[in-house]
Amino acid sequence: DFANSSIINMYSKAGSLDEARRIFTEFKSTTANLVCWTAMLAAYAQHEENEQALQLYREMNLEGLKPDDITFATALTVCASLGELCEGRRIHQRAKCRDSDVVLGTALVDMYSKCGRLAEAKAVFDGILEKNVFSWTAMVGGYAHNGHGAEAVELFKEMVNSAKIAPNQVTFTSVLSACSHAGLVEEGKEFFNVMSTVHGVEPSAEHFGCMVDLLGRAGRLEEAENMIRSMPMRPD
RNA sequence: AAAGAAACGUGG
């Protein structure tokens, strides 16, 4: 099992979902344990085979395997991608007493956010005991996704100024996207400016993409073009 | 015990 879960993981990350599935199927009914099932679940999730992932999650429950928090977090990612609020809620119900755990809690925040349940996402977020950059970014992204740009920006500032958590590239993608949808042009330009100068995060092509989107939506086409011209990498 | 786990812009 030690070997099988590693092999499933290795094939999956190397991009061969078929090989991972072949190995898993071979051991599924004999020696596969929870870790193997979770590795296969993660493999489906990483390859965006969310329907198959959900089916596998339900199958493992029928088989009588008891999912742990890692399994739940993985399954919640799948629910988030599918907008599968019912199954997500069932998972929350089953793991309710542990939703202050940073990994499980963050997965719940993301699931509720992607299912459009911001109030529930925020309630879980507030209860997470040791919030890290993943948790903060998930919540900022949740506001951004649901069109609450001002709240996303506000939370981002709280993260940096009060919680003193260092934002990373993903955080900036989320906050810039929030600015773009809320029409917060000057605020977005300022974030883009300080991300490298203050926070030491070099803008990637995605960040330039966010800025072009932000300026373009605001009708500031000349500035958008200049942004593209200033890219150190090849625009896609 | 160990192997499996959470956040990722725009357009489509």
Side-chain angles (χ1 to χ4, degrees), chain A residues 1-13 20 23-24 27 31-46 48 53 56-57 60 65 67-81 88 91 95 98-99 101-114 121 124-125 128 130-145 149 152 155-156 159 165 167-182 188 191-192 195 201 203-217 224 227-228 235-236:
Chain A
D1 282 339
F2 175 93
N4 294 340
S5 57
S6 301
I7 290 165
I8 290 166
N9 204 25
M10 188 186 79
Y11 277 126
S12 170
K13 295 219 163 110
I23 299 290
F24 175 73
F27 295 97
T31 59
N33 65 4
L34 181 63
V35 177
C36 294
W37 283 76
T38 306
M40 192 64 230
L41 185 64
Y44 280 132
Q46 278 147 20
E48 286 176 302
L56 190 76
Y57 172 73
M60 69 191 284
L65 278 126
D68 63 10
D69 288 352
I70 295 182
T71 313
F72 283 140
T74 310
L76 283 166
T77 301
V78 173
C79 295
S81 303
I91 292 171
R98 294 187 307 282
D99 67 2
D101 169 78
V102 63
V103 172
L104 186 65
T106 301
L108 283 164
V109 167
D110 182 51
M111 184 278 293
Y112 281 126
S113 295
K114 297 229 169 86
V124 174
F125 175 79
I128 297 175
E130 300 198 342
K131 300 181 189 66
N132 61 17
V133 64
F134 280 64
S135 329
W136 284 94
T137 302
M139 196 63 238
V140 170
Y143 283 128
H145 262 284
L155 195 74
F156 175 85
M159 166 186 183
I165 299 289
N168 64 18
Q169 299 217 358
V170 179
T171 321
F172 278 104
T173 304
S174 297
V175 78
L176 289 176
S177 148
C179 291
S180 169
H181 288 283
F191 284 136
F192 185 75
M195 69 180 280
V201 178
S204 68
E206 283 72 24
H207 300 108
F208 280 98
C210 289
M211 289 308 290
V212 172
D213 183 56
L214 173 90
L215 295 164
R217 278 179 205 262
M227 187 58 71
I228 296 171
D236 61 6

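Lettering of chains follows the sequences in order, A, B, ..., and the numbering in each one begins at 1. All of these numbers come straight from a predicted model, not from anything done at the bench.
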Margin query: Measuring centre to centre across the rings, with the benzene-like ring taken for any Trp, is A:Trp136 within less than 6.0 Å of A:Phe156?
Written below: no
- prompt: Phosphate oxygens OP1/OP2 of B:A6: is one of them under 4.0 Å from a side-chain N or O of A:Lys114?
  reply: no
Side-chain contact check for A:Ile70: nearest option of B:A7, B:A3, B:G4 is B:G4
- Message: Categorize A:Val109 for me: base, sugar-phosphate, or nothing, with a 4.0 angstrom heavy-atom threshold over every strand shown.
- Response: nothing
query = When the aromatic ring centroids of A:Phe192 and A:Phe172 are compared, is their separation below 6.0 Å?
reply = no
By side-chain hydrogen bond (donor to acceptor under 3.5 Å, both in side chains), A:Thr173 pairs with (sequence neighbours left out) A:His207
Notebook entry, point to check: How is A:Asn168 classified with respect to the nucleic acid when contacts are heavy atoms under 4.0 Å: base, sugar-phosphate, or nothing?
Noted result: base
Could I get a table of every N or O pair under 3.5 Å where one atom is in the protein and the other is in nucleotides 9-12 of chain B?
{"unit_1": "B:U10", "atom_1": "O3'", "unit_2": "A:Arg217", "atom_2": "NH2", "d": "3.2"}

A:Asp110 and A:Ala80 have their tightest heavy-atom pair at OD2-CB, 3.7 Å
Quick note, A:Ala42 side chain, CB onward, closest among B:A6, B:A3, B:A5 is B:A5
>> Between the base of B:A5 and the side chain of A:Asp68, is there a donor and acceptor pair under 3.5 angstrom?
In response: no
When you measure from the side-chain N and O atoms of A:Gln46 to the phosphate of B:A5, is any distance below 4.0 Å, counting only OP1 and OP2? yes
